[in-house]
Each structure stands twice: as structure tokens, then as C-alpha cells.
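If you read the sequence from its start, that first residue is 1, and numbering goes on from there. Because the structure is predicted, anything quoted here is derived from the model rather than measured.
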Amino acid sequence: MIKIFLLLLVFVFLLSACVSPVAESSGFCIRDSDCVPSDCCHASACVSKSLAKNCAGVFCTQNCVPGSLDCGGSCACESKRCVAKNLFV
């Protein structure tokens with residue numbers, strides 16, 4: 001009986017480790033303005049403002065890096081998650 005309980009406990013623990021809440025990955029959002037680039041320079045993803053990096057004093061190149069938000073990309077809120085749109089190709 002104890003073996004079954006321990007096995008069940010391990011299974012539940014492993015199962016919960018596989019599920020990543022939205023708040024940890026991109027943050028919750030309601031509107032597009034809740035979302036910002038995930039990195040200071042050449043970001044390829046977006047996160048909620050609460051998870052934004054402090055980019056004070058960071059200087060970026062003016063290059064349009066493929067797969068990034070550079071040169072026309074933007075952040076949007078879709079299904080309450082921040083997503084990157086129009087990545088530079």
C-alpha cells in the first residue's frame with residue numbers, strides 16, 4: 001500500500017513539473033499594450049510588462065536581425081499571452 005502511495009506521489013510530482021504556467025513563460029495580458037519585447041536588443045519573443053528586463057543604459061546595434069522584432073515587429077496579446085508578431089526575415 002505504501003509503495004502504491006509513493007508511486008502515485010512521484011507521478012503527481014512529475015506531472016506537475018511538466019506544466020508551465022503562463023505567468024512563468026510570457027505573463028498574463030489583456031491588451032497588446034501589456035506586452036513588451038523579452039530582451040533589450042533583437043528580441044524574438046514578448047513578455048508581460050511585469051517580466052520586462054531593465055534596459056536602462058543598454059545600447060543596441062541598429063541591425064535588422066533575422067527572427068527578431070527588429071524592423072517592424074511588434075508584441076501582441078493573444079489568448080491572454082504575449083506573442084511576437086511580424087518577425088524580421
With Lys49, which residues qualify under side chain to side chain donor-acceptor pair (under 3.5 Å), at least two apart?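 Checked Lys49 against side chain to side chain donor-acceptor pair (under 3.5 Å); zero matches.
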Under the side chain to side chain donor-acceptor pair (under 3.5 Å) test, which residues partner Ser33, sequence neighbours left out?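 Checked Ser33 against side chain to side chain donor-acceptor pair (under 3.5 Å); zero matches.
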Rounded to the nearest 0.5 angstrom, the SG-CZ distance for Cys64 and Phe88 is 4.5 Å
To the nearest 0.5 Å, what is the distance between OG (Ser74) and CG (Leu87)?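 It comes to 9.0 Å.
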Compile the donor-acceptor pairs under 3.5 Å between side chains in residues 37-45 and protein atoms, sequence neighbours left out, one pair per line.
unit_1: Ser38; atom_1: OG; unit_2: Ala45; atom_2: O; d: 3.1
unit_1: Asp39; atom_1: OD1; unit_2: Lys53; atom_2: NZ; d: 2.7
unit_1: His42; atom_1: ND1; unit_2: Asp70; atom_2: OD2; d: 2.5
unit_1: His42; atom_1: NE2; unit_2: Thr61; atom_2: OG1; d: 2.9

Taking side chain as C-beta onward, heavy atoms only, is Cys35 less than 4.5 Å from Val47?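 Side chain of Cys35 against side chain of Val47, heavy atoms only: no contact under 4.5 Å found.
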Does a side-chain heavy-atom distance below 4.5 Å link Ser48 with Asp34? no
Under 3.5 Å: donor-acceptor pair, side chain of Asn54, backbone of Ala56: yes
Identify the heavy atoms of Cys75 and Asp32 that sit nearest to each other, and give their distance. O-CB, 4.1 Å
Hey, quick one: are Leu51 and Val36 part of the same hydrophobic cluster, counting side-chain heavy atoms closer than 4.5 Å, chains of contacts allowed? yes
